[in-house]
Asker: 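Pasting a structure here, questions to come.
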Amino acid sequence: MSPLLQRTLEEKTLRRKRLMALPYPEKVRIVEKMRAAGREIQTAVRRQPGSL
Amino acid sequence: MRDTLSEINELRAAGLIGQWAIGGAMGATFYLEPISTYDLDIFVIFEGSPLILTLTPIYDFLKERGHAAEGDAVLVHGWPVQFLPAESALLREAVEQASEIDFEGVSARVMTAEHLMAIALQTGRGKDFARVLTFVEARASNNAKRHGILARHGLEAAWKRFEDNYLNLP
């Protein structure tokens with residue numbers, strides 16, 4: 001594994017730990033944002049010509 | 001979600017549901033990193049006979065308070081809420097032993113990490129195993145407590161298979 005990939009994976013692990021340590025309401029707000037983003041993507045996909 | 005949980009407490013106060021607890025992805029989010037999910041799974045103990053169990057009174061109560069049904073859920077203050085009867089012994093225990101939390105001034109209950117893992121193991125879809133693995137990697141559960149739950153509910157063999165498939169890799 002290259003040092004760059006190793007460092008990237010370590011940073012990802014640290015980010016996950018930081019997210020896990022957030023208070024629950026803060027995590028819920030992040031989930032709500034993810035959900036809203038998912039809906040926007042769905043809407044955009046539906047607007048594409050030829051989409052079902 | 002604060003207002004959503006407050007409405008669920010109103011259902012309890014009205015006697016339409018028994019004890020309840022957050023499970024599923026939003027339950028796991030309490031212990032892990034935020035998990036992308038669409039709905040809020042609320043596991044509920046109903047005191048009446050399971051043979052006459054119906055969710056209609058819940059839906060009617062919430063509808064009167066301005067919350068419309070959305071597919072198999074009810075949209076309560078922006079959250080599609082799914083009410084799931086805690087019918088099995090494992091689910092019932094998970095609701096009974098859930099942790100009491102304060103969500104921005106509203107009391108709520110979240111299943112323990114160990115019960116969430118056992119339920120995911122029992123459910124057994126790919127995403128459930130992935131969630132159990134996340135709990136293990138995050139060391140977010142008490143091993144002794146988890147093994148006690150697995151033993152009580154006949155899930156030791158399932159856990160052994162999970163270990164062999166995902167943890168004891170060569």
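Each chain gets a letter, A, B and so on, in the order its sequence line appears, and its residues count up from 1.
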Asker: Please check if any side-chain donor atom of B/Asn142 sits under 3.5 Å from a side-chain acceptor atom of B/Glu114, or the reverse.
Answerer: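 Side-chain D/A pair, B/Asn142 to B/Glu114: absent.
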Asker: Report the hydrophobic cluster partners of A/Leu14, with the cluster defined as I, L, V, M, F, W, Y residues connected by side-chain heavy atoms closer than 4.5 angstrom, directly or transitively.
Answerer: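 Hydrophobic cluster check, A/Leu14: no partners found.
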Asker: Please look at B/Leu5 and chain A and tell me whether the side chain, the backbone, both or neither of the residue comes under 4.5 angstrom of a heavy atom of that chain.
Answerer: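 The answer is neither part of B/Leu5.
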Asker: Does anything in residues 16-28 of chain A get under 4.5 Å of chain B by heavy atoms, and if so which residues?
Answerer: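 Within residues 16-28 of chain A, the residues that come under 4.5 Å of chain B (heavy atoms only) are A/Arg16, A/Leu19, A/Met20, A/Tyr24, A/Pro25, A/Lys27, A/Val28.
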Asker: Looking at B/Glu87 and B/Arg92, is there a salt bridge between them, counting it only when a charged N and a carboxylate O are closer than 4.0 Å?
Answerer: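 No salt bridge links B/Arg92 with B/Glu87.
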Asker: Between B/Arg125 and B/Asp128, is there a salt bridge with N-O shorter than 4.0 Å?
Answerer: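 Judged by the 4.0 Å cut-off on N to carboxylate O distance, B/Asp128 and B/Arg125 do form a salt bridge.
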Asker: So what's closer than 4.5 Å to chain A heavy atoms on B/Ile101: side chain, backbone, both or neither?
Answerer: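 Only the side chain of B/Ile101 comes within 4.5 Å of chain A.
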Asker: Hey, what do you get for CD1 (B/Ile8) to CE (B/Met1), rounding to the nearest 0.5 Å?
Answerer: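 Answer rounded to 0.5 Å: 8.0 Å.
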Asker: Measure the OG1-CZ distance between B/Thr112 and B/Arg146 for me, rounded to the nearest 0.5 Å.
Answerer: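 The distance works out to 11.5 Å.
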Asker: Using only heavy-atom distances, determine whether the side chains of B/Arg12 and B/Asn9 contain a donor-acceptor pair under 3.5 Å.
Answerer: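 There is no such pair between these side chains.
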Asker: Do B/Glu93 and B/His153 have side-chain N/O donor and acceptor atoms under 3.5 Å apart?
Answerer: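 Side-chain D/A pair, B/Glu93 to B/His153: present.
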Asker: Under 4.5 Å heavy-atom distance to chain B, tell me which part of A/Arg15 shows up: side chain, backbone, both or neither.
Answerer: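 Looking at A/Arg15, nothing touches chain B.
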Asker: Taking every non-hydrogen pair under 4.5 Å, which of B/Ala138, B/Ala25, B/Pro34 racks up the most with chain A?
Answerer: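 Winner by heavy-atom pair count: B/Pro34.
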Asker: At a heavy-atom distance under 4.5 Å, which candidate from B/Arg2, B/Met26, B/Glu137 has the highest pair count against chain A?
Answerer: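 The option with the most such pairs is B/Met26.
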